[in-house]
Amino acid sequence: MHQYFQPLDRIQVLYDYNDFMKEVIHSYKGRGDIKLAQIFAYLLRGHVSYMKSFDAVIALPTSAEKLKTRGFSQMEEILSHLPVTLCHSLTMASRIKQSELTKKERLKQVNPFTVSSQVHGRVLLIDDIYTTGLTVHHAAEILRSQGVHTVEVLALARP
């Protein structure tokens, strides 16, 4: 990944994406069990002061198409249960579901993010699953092109 993107300043992953976590996240995102957002928020509660230390906290956005089919933005819903102010500076274009692509196919994807409002300083990106890191690297790339100097990531799970 480093040959394609500037490295992220820090990546923090809270849990293994084991069979249990895979099922819980699938119930939340795939089956729309929105009540699970409160459980995920509970798991993140110990990181609130860390989140508040940034100039901007951005839940990786969901494309308008995915928002329409799912009915909610998974990370924004989770973070709505915590005392954290979100910055909505990124928008995401529709794209093929990343879990359906190989790593090679993912790397060929066009950056789906655009900056909708200016953001500066230190930014924390929050995502559910950090797999190859391509999504957060794309987001960081577009933010850095706008002058953001520090990009860190907090993810719920990683395989």
Side-chain angles (χ1 to χ4, degrees), residues 1 5 8 10-52 54 56-117 119 123-143 151-159:
M1 192 63 64
F5 297 101
L8 295 160
R10 182 178 183 199
I11 302 165
Q12 189 174 181
V13 179
L14 303 182
Y15 301 97
D16 289 331
Y17 190 61
N18 56 25
D19 289 340
F20 174 75
M21 187 60 85
K22 186 175 186 176
E23 179 58 31
V24 173
I25 290 175
H26 178 68
S27 292
Y28 177 56
K29 290 170 59 175
R31 296 188 198 114
D33 189 350
I34 201 164
K35 292 275 189 194
L36 289 170
Q38 294 174 41
I39 304 294
F40 288 120
Y42 181 80
L43 296 175
L44 285 169
R45 78 197 179 292
H47 300 276
V48 169
S49 61
Y50 169 68
M51 291 180 212
K52 288 183 173 186
F54 288 84
V57 175
I58 300 174
L60 280 184
T62 304
S63 69
E65 177 186 35
K66 183 59 77 175
L67 193 57
K68 191 175 184 179
T69 58
R70 184 180 294 137
F72 61 96
S73 169
Q74 72 270 13
M75 293 314 302
E76 283 191 28
E77 182 62 32
I78 291 167
L79 294 167
S80 74
H81 298 280
L82 294 170
V84 176
T85 302
L86 292 181
C87 174
H88 297 89
S89 294
L90 285 181
T91 57
M92 179 185 219
S94 293
R95 63 181 182 166
I96 297 170
K97 189 175 178 183
Q98 297 299 283
S99 62
E100 295 175 0
L101 300 175
T102 66
K103 185 174 183 176
K104 194 176 214 178
E105 290 170 329
R106 288 180 190 197
L107 289 172
K108 291 181 182 177
Q109 296 289 302
V110 173
N111 191 327
F113 295 103
T114 55
V115 175
S116 57
S117 62
V119 61
V123 173
L124 177 64
L125 298 174
I126 303 183
D127 201 7
D128 52 1
I129 305 165
Y130 183 100
T131 308
T132 64
L134 184 63
T135 302
V136 293
H137 278 87
H138 271 149
E141 177 184 58
I142 202 79
L143 289 166
V151 180
E152 294 188 22
V153 175
L154 178 62
L156 288 173
R158 181 178 191 172

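All values reported here derive from a predicted model rather than from experimental measurement.
Closest of all the heavy-atom pairs between P159 and Y17 is N-CB, 3.5 Å. In this structure, N111 and H138 approach most closely via the heavy-atom pair ND2-O, 3.0 Å. Of all the heavy atoms in K29 and R70, the pair that sits closest is O-NE, 3.3 Å. Residue M51 comes nearest to L154 through the heavy atom pair CE-CD2, 3.9 Å, listed as atom of the first residue, atom of the second, then distance. K52 approaches P83 most closely through the heavy-atom pair CE-O, 2.7 Å.
More than 12 heavy atoms of other shown residues, nucleotides or ligands fall within 6.0 angstrom of atom CG in N18. Within 6.0 Å of the CD atom in Q12, the count of heavy atoms belonging to other residues, nucleotides or ligands exceeds 12.
At a threshold of 4.5 Å between non-hydrogen side-chain atoms, the residues V151 and V136 do not count as touching. Between I78 and D128 there is no side-chain heavy-atom pair separated by less than 4.5 Å. In this structure the side chain of I129 reaches within 4.5 angstrom of the side chain of I25, judged on heavy atoms. Side-chain contact between I11 and V13: present, with at least one pair of heavy atoms (C-beta onward) separated by less than 4.5 Å. Within the 4.5 Å cutoff, the side chain of L86 has no heavy atoms near those of the S80 side chain.
Between atom CZ of residue R10 and atom CG of residue L124 there is a gap of 9.5 Å, rounded to the nearest 0.5 Å. Distance CD1/I39 to OG/S27: 12.0 Å, rounded to 0.5 Å. D19 CG to H26 NE2: the interatomic distance, rounded to the nearest 0.5 Å, is 13.0 Å. Separation of atoms CD (E77) and NZ (K35) is listed at 10.0 Å; rounding is to 0.5 Å. Note that the CD1 atom of I58 and the CG atom of D127 stand 12.0 Å from one another [nearest 0.5 Å].
Ring geometry for F72 versus Y28: interplanar angle of 30 to 60°, hence tilted.
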Legend entry - Verdict with supporting geometry, V84 and L44, side chain to side chain contact (heavy atoms under 4.5 Å, CB included): CA-CA 11 Å; V84 176; L44 285 169; over 6 Å; no
Inset, instruction - Before giving the answer on side chain to side chain contact (heavy atoms under 4.5 Å, CB included), spell out for M92 and F113 the whole-Å C-alpha distance, their side-chain angles and the decisive distance to 0.1 Å. - result: CA-CA 5 Å; M92 179 185 219; F113 295 103; 3.8 Å; yes
Inset, instruction - Using the ring-ring contact (aromatic ring centres under 6.0 Å, His included) rule, take H81 and Y42 through it: C-alpha gap first, then chi angles, then the decisive distance, then the call. - result: CA-CA 8 Å; H81 298 280; Y42 181 80; over 10 Å; no
Legend entry - Step-by-step side chain to side chain contact (heavy atoms under 4.5 Å, CB included) determination, F40 to V24: CA-CA 10 Å; F40 288 120; V24 173; 3.5 Å; yes
Legend entry - Verdict with supporting geometry, I142 and L90, side chain to side chain contact (heavy atoms under 4.5 Å, CB included): CA-CA 9 Å; I142 202 79; L90 285 181; 3.6 Å; yes
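No side-chain donor-acceptor contact under 3.5 Å links S89 to the backbone of S116. Listed for the S63 side chain is no donor-acceptor partner under 3.5 Å among the backbone atoms of A93.
Shown are L156, V57, L60; of these, the side-chain contact (heavy atoms from CB on, under 4.5 Å) with I126 is made only by V57. Screening L8, L125, T132 for a side-chain contact (heavy atoms from CB on, under 4.5 Å) with H137, the sole residue that qualifies is L8.
Electrostatic pairing of E23 and R31 counts as a salt bridge here, judged by a charged N lying under 4.0 Å from a carboxylate O.
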